[in-house]
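Take a look at the structure below.
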Amino acid sequence: MSFTHSAANNAYNDHAFALVDCNNFFVSCERVFDPKLRNRAVVVLSSNDGCIVSRSQEAKKLGIPMGAPLHEYLPLMLAHNVAIFSSNFVLYGDMSNRVMDALDQFTPYKEIYSIDEAFLELNFIDPAERSRYARIIRETVIQQTGIPISIGIAPTKTLSKIANRVAKTSPEWNGVLSLYDAHNVDEILKITEVRDIWGIGRRLALRLRAEGIYNAYDLKCAPDKWIRKNLSVTGLRMVLELRGTPCAELAYRSPKKSITSSRSFGRPVEKIAALEESIAHHATRIGEKLREEELCARLLFVHFRTSYFREGPRHNVTEGPVLIVPTAHTPKLIAAAQKVLKRTFKPSFAYTKSGIIVNDLVSDSHIQQDLFVVEETREKEEKLMRLIDSVNQLDGKRTIFFGASGANHSWSAKHDRRSQNFISSWDELPRVRA
DNA sequence: TCTGGGGTCCTAGGACCC
DNA sequence: TCTGGGGTCCTAGGACCC
């Protein structure tokens, strides 16, 4: 490779953010393990098989929108022989790690932004060479992981998002667009609708359009004062970024501020017993996540609610915060959460979702010790948790679990169309020859 | 019958303090 | 009976992201 990371090449003291985005990520993951799905319309559903969260190009062409409820589009999809999958997050997580690892060959400066996106810093590459470099990244990732990606390169993160979007949707760019090449950047901003700018959601888009601001170029030209007043500092930063002034750097793994575990039920739940089980289950997941991140939580919220869509009496509870001694100890989390649930539960409602949120997270290495628990007890607790975690990691989830979280999970979510765990379970490895 | 889950950031307003 | 201004912290709510 003729590109080097040498100091001599580091003369470009601008920024060059490359946004790498996996195309139709969940669908692409399914396709890696079943080549017959190529050229066929494919969708992947959200948890509980509720709505459509990933669509192949063919599925998009059929007019299936992002986030659409399954039941509305099921007839259309059956008529067109669309392949439908429940989400398989274990598989997608593994594939994501592979893609992210592959990117490390090209730059030491990487921010993993989401399961299917990463920002790279490419300022050590000659501006005129950046798109050629990006093409090599793209080919390498496809070859090493089977996942197709698109890359947008620009002096700010916001512009790199826009470049990425254009690279992905206009075939002429073939998946890579660098705004450092000789283009009229304003022309690209003009074809970018305001709703498609990173940070502009449905509400803001409506307000902007009412003001006659229809695309990214219009927004770029809007007066600072008006932006500050109507879109707050977030909006001002966004506009500066559109003008090429970076307001955000690469963010390396920042410590988490809150952790959530929540799920919709497979069917509505009325009895407190089922709710208690689900809450214990979420407390268990929260404990695992906390220990993974070496954190302890100080505040806990319990959440449960009825459906937003069904008829009937509504009840929506987010109770908390309750203070807990900083902990990642599952039984303590279960006890605290169930206490809150017992206090706030009301019978005769059809609940469709429950969950737990923990806040105010501190590193487990310097938590304030509970004066009433002797050091020895705490060490025992930690040892037990570590043991349970390692058994569950080696022998599969819920090999060991707390009785409070129940054995049957009559309330658990549906996932009738899940693919196999091709790479995380020995029993489900793909067969080359049967 | 059927509509996801897990996050972050900003602002306004109230409580409280000096 | 009169009674300011400024700061901090917390929370709820809104908006956004993938």
Side-chain angles (χ1 to χ4, degrees), chain A residues 19-26 43-54 64-75 77 84 86-89 92-93 96 111-119 157-158 161 164-165 194-208 228-238 247-248 251 253-268 282 285-286 289 293 298-299 301 303 305-312 316 318-321 323 350 352-361 412-417:
Chain A
L19 177 66
V20 175
D21 188 315
C22 301
N23 302 349
N24 319 329
F25 182 54
F26 298 167
V43 301
V44 175
L45 306 175
S46 66
S47 157
N48 216 20
D49 293 348
C51 34
I52 295 151
V53 293
S54 183
I64 301 168
M66 180 67 176
L70 170 64
H71 65 92
E72 273 178 32
Y73 285 86
L74 194 54
M77 293 199 288
I84 305 172
S86 299
S87 49
N88 183 345
F89 276 99
Y92 309 150
S96 173
E111 171 191 346
I112 297 174
Y113 179 67
S114 72
I115 194 165
D116 68 338
E117 276 178 60
F119 288 102
K157 283 178 152 184
T158 305
K161 283 283 246 186
N164 181 288
R165 197 168 174 285
V194 102
R195 178 65 182 85
D196 296 325
I197 301 169
W198 191 37
I200 304 281
R202 228 187 57 228
R203 306 276 173 131
L204 288 180
L206 281 175
R207 271 165 60 194
L208 288 173
R228 176 66 184 85
K229 184 154 168 268
N230 291 277
L231 304 187
S232 88
V233 293
T234 330
L236 192 55
R237 280 202 283 263
M238 194 160 57
C247 299
R253 254 181 79 76
S254 60
K256 280 201 172 140
K257 297 181 178 169
S258 71
I259 295 177
T260 307
S261 173
S262 68
R263 272 284 178 285
S264 296
F265 301 132
R267 63 179 102 105
H282 291 305
R285 279 296 297 142
I286 294 270
K289 290 183 184 184
E293 309 263 339
R298 275 199 284 225
L299 299 179
F301 297 76
H303 169 70
R305 64 163 170 80
T306 54
S307 169
Y308 291 140
F309 306 100
R310 297 163 66 97
E311 301 284 313
N316 186 347
T318 303
E319 180 69 15
L323 286 162
T352 57
K353 183 179 182 176
S354 74
I356 296 181
I357 303 136
V358 287
N359 254 338
D360 202 353
L361 310 180
S412 72
K414 290 182 296 189
H415 40 75
D416 301 336
R417 308 157 192 267

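Letters A, B, ... are given to chains in the order of the sequence lines, protein chains preceding strands, and every chain is numbered from 1. Every heavy atom of this structure was used, including side-chain atoms; hydrogens, water molecules and symmetry mates were not.
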Using a 4.0 Å heavy-atom cut-off across all strands, classify A/Ser307 as base, sugar-phosphate, or nothing. nothing
Name every donor-acceptor pair, under 3.5 Å, that has one atom in a side chain of residues 196-205 of chain A and the other anywhere in the protein, sequence neighbours excluded.
{"residue": "A/Asp196", "atom": "OD2", "partner": "A/Arg165", "partner atom": "NH2", "Å": "3.1"}
{"residue": "A/Trp198", "atom": "NE1", "partner": "A/Tyr113", "partner atom": "OH", "Å": "3.2"}

Is the shortest side-chain N/O distance from A/Ser262 to OP1 or OP2 of B/dG6 below 4.0 Å? yes
OP1 or OP2 of B/dT3 versus the side-chain N and O atoms of A/Arg310: is any pair under 4.0 Å? no
Touch class at under 4.0 angstrom, heavy-atom based, for A/Ile259 against every strand present: sugar-phosphate
B/dC9, OP1 or OP2 - any side-chain N/O from A/Lys257 closer than 4.0 Å? yes
Is the distance from OP1 or OP2 of B/dC2 to the nearest side-chain N or O of A/Lys414 less than 4.0 Å? no
Base-pair string, DNA chain C, Watson-Crick plus G-U, cut-off 3.5 Å on both distances, | for inter-strand, is ....||||||||||||||
At 4.0 Å (heavy atoms only), tell me whether A/Tyr113 reaches a base, stays on the sugar-phosphate, or touches nothing. sugar-phosphate
Which residue, A/Val53 or A/Arg228, contacts DNA chain B at a nucleotide closer to its 5' end, judged by nearest heavy atom? A/Val53
Using the 3.5 Å cut-off, write out each protein N or O paired with an N or O of nucleotides 11-15 of chain C and the distance between them.
{"residue": "C/dA15", "atom": "OP2", "partner": "A/Arg203", "partner atom": "NH1", "Å": "3.1"}

A/Arg263 side chain N/O closer than 4.0 Å to the phosphate oxygens (OP1, OP2) of B/dG6? yes
Just how far, in rounded Å, is C1' of C/dC17 from CD of A/Glu111? 12 Å
Looking for any heavy atom pair under 4.0 Å, which part of the strands does A/Asp49 touch: base, sugar-phosphate only, or nothing? nothing
